[in-house]
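Quick caveat, the model's predicted, so the values are computed rather than measured.
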Amino acid sequence: MKKYLPAKRAMLTFYLLLAVIGAALNILLYRYVTMLSDEVLWIISAVIWFLILIVAIAVIPHYFIHAKVVLTNNEVAVAGGFFTYKNDYMPISSIKSVSSMITPLGSVTGFNFVVINALGSRLILCFMRKKDVLSFVDSLNKLITQREDGANE
């Protein structure tokens, strides 16, 4: 049994993106919304930053605390979610292919993904470290090859 956790760099990247989005919204607000008074613009800006703070304090850590991927000899189990907590299980016997998506800055941002295709379903594993993606795909391919070799004998 191997357990994989999401990359902490992905969480830091989300925080950076939230700060950039908040700053961009403030710049757009103060530069292009001239028909409102400064007090109203300040209130709108405060609301925007409050919402960004809620997302940064509650939503993002919730995902990264609860997310995990477990690979056993019989199944792949995935737990997590941004707004709700869910568990997905996929038996190794139903997996037809596995693909890895390593982004160009994946080792810096942690935005690497694994896509597992099965009969009529797809499982996407998000925000994994680059070495975890490579290890996971290699282990899963070995399990699929063992299953197919066992079926051919």
Worksheet item: Side chain of Thr13, backbone of Arg9: donor and acceptor closer than 3.5 Å?
Response: yes
Worksheet, complete the sentence: Between the CD1 atom in Ile43 and the CG atom in Asp38, the distance rounded to the nearest 0.5 Å is 11.5 Å
Practice prompt. Treat each ILVMFWY residue as a node, draw an edge where side-chain heavy atoms are under 4.5 Å apart, and state whether Leu53 and Leu12 are in one component.
Written response: no
Item to complete: Report the residues that fulfil side chain to side chain donor-acceptor pair (under 3.5 Å) with Arg31, sequence neighbours left out, ordered by chain and then residue number.
Response: none
Practice prompt. Please state whether the rings of Phe127 and Phe14 are parallel, tilted or perpendicular, taking 30° and 60° as the class boundaries.
Written response: perpendicular
Item to complete: Calculate, to the nearest 0.5 Å, the distance between atoms CG and OH belonging to Leu36 and Tyr30 respectively.
Response: 10.5 Å
Worksheet item: When rounded to the nearest 0.5 angstrom, what distance separates CG in Leu41 from OG1 in Thr34?
Response: 9.0 Å
Item to complete: For Ser121 and Ala118, indicate whether the former's side chain and the latter's backbone hold a donor-acceptor pair under 3.5 Å.
Response: no
Item to complete: For Met35, check side-chain contact (heavy atoms from CB on, under 4.5 Å) against everything at least two apart and list the hits.
Response: Val33
Worksheet item: Hydrophobic cluster mates of Met1, side-chain heavy atoms under 4.5 angstrom, ILVMFWY only, any path?
Response: Val70
Discussion item. Can you list, by chain and residue number, the hydrophobic cluster partners of Leu140 when the side-chain cut-off is 4.5 Å?
Written reply: Tyr4, Val69, Leu71, Val76, Val78, Met90, Ile92, Ile95, Val98, Ile102, Val114, Ile116, Leu123, Leu125, Met128, Val133, Leu134, Phe136, Val137, Leu143, Ile144
Fill in: All side chain to side chain donor-acceptor pair (under 3.5 Å) counterparts of Tyr63, not counting sequence neighbours
none
Worksheet item: Which heavy-atom pair separates Arg129 from Asn112 by the least distance, and what is that distance?
Response: C-ND2, 3.9 Å
Worksheet item: Any idea which heavy atoms bring His66 and Tyr85 closest together, and the distance?
Response: CB-CE1, 3.3 Å
Item to complete: List the atom of Lys2, the atom of Ser139, and the distance in Å for their closest heavy-atom pair.
Response: NZ-OG, 2.8 Å
Fill in: Heavy-atom closest contact (Phe64 atom, Lys8 atom, distance)
O-NZ, 3.8 Å
Worksheet entry | From Leu5 atom CG to Lys68 atom NZ, the distance as rounded to the nearest 0.5 Å | 8.5 Å
Worksheet item: Quick one: OG on Ser94 to CG on Leu119, what's the gap to the nearest 0.5 Å?
Response: 6.5 Å
Discussion item. Check for me, please, whether Ile124 and Met101 land in the same ILVMFWY cluster - side-chain distances under 4.5 Å, paths through other members count.
Written reply: yes
Fill in: Nearest-0.5 Å distance that lies between atom CD1 in Ile21 and atom CG in Leu51
12.5 Å
Fill in: Closest heavy-atom pair and its distance - Gly110, Ala7
CA-CB, 4.0 Å
Discussion item. If you define the side chain from C-beta out and look only at heavy atoms, does anything of Ile60 sit under 4.5 Å from Val55?
Written reply: yes
Fill in: Residues clustering with Leu105 (ILVMFWY side chains joined when closer than 4.5 Å, directly or via others)
none
Fill in: Considering all heavy atoms, the nearest Ala19-Trp49 contact
O-CH2, 3.8 Å
Worksheet item: Are Leu25 and Leu16 co-members of a hydrophobic cluster defined by side-chain heavy atoms under 4.5 Å apart?
Response: no
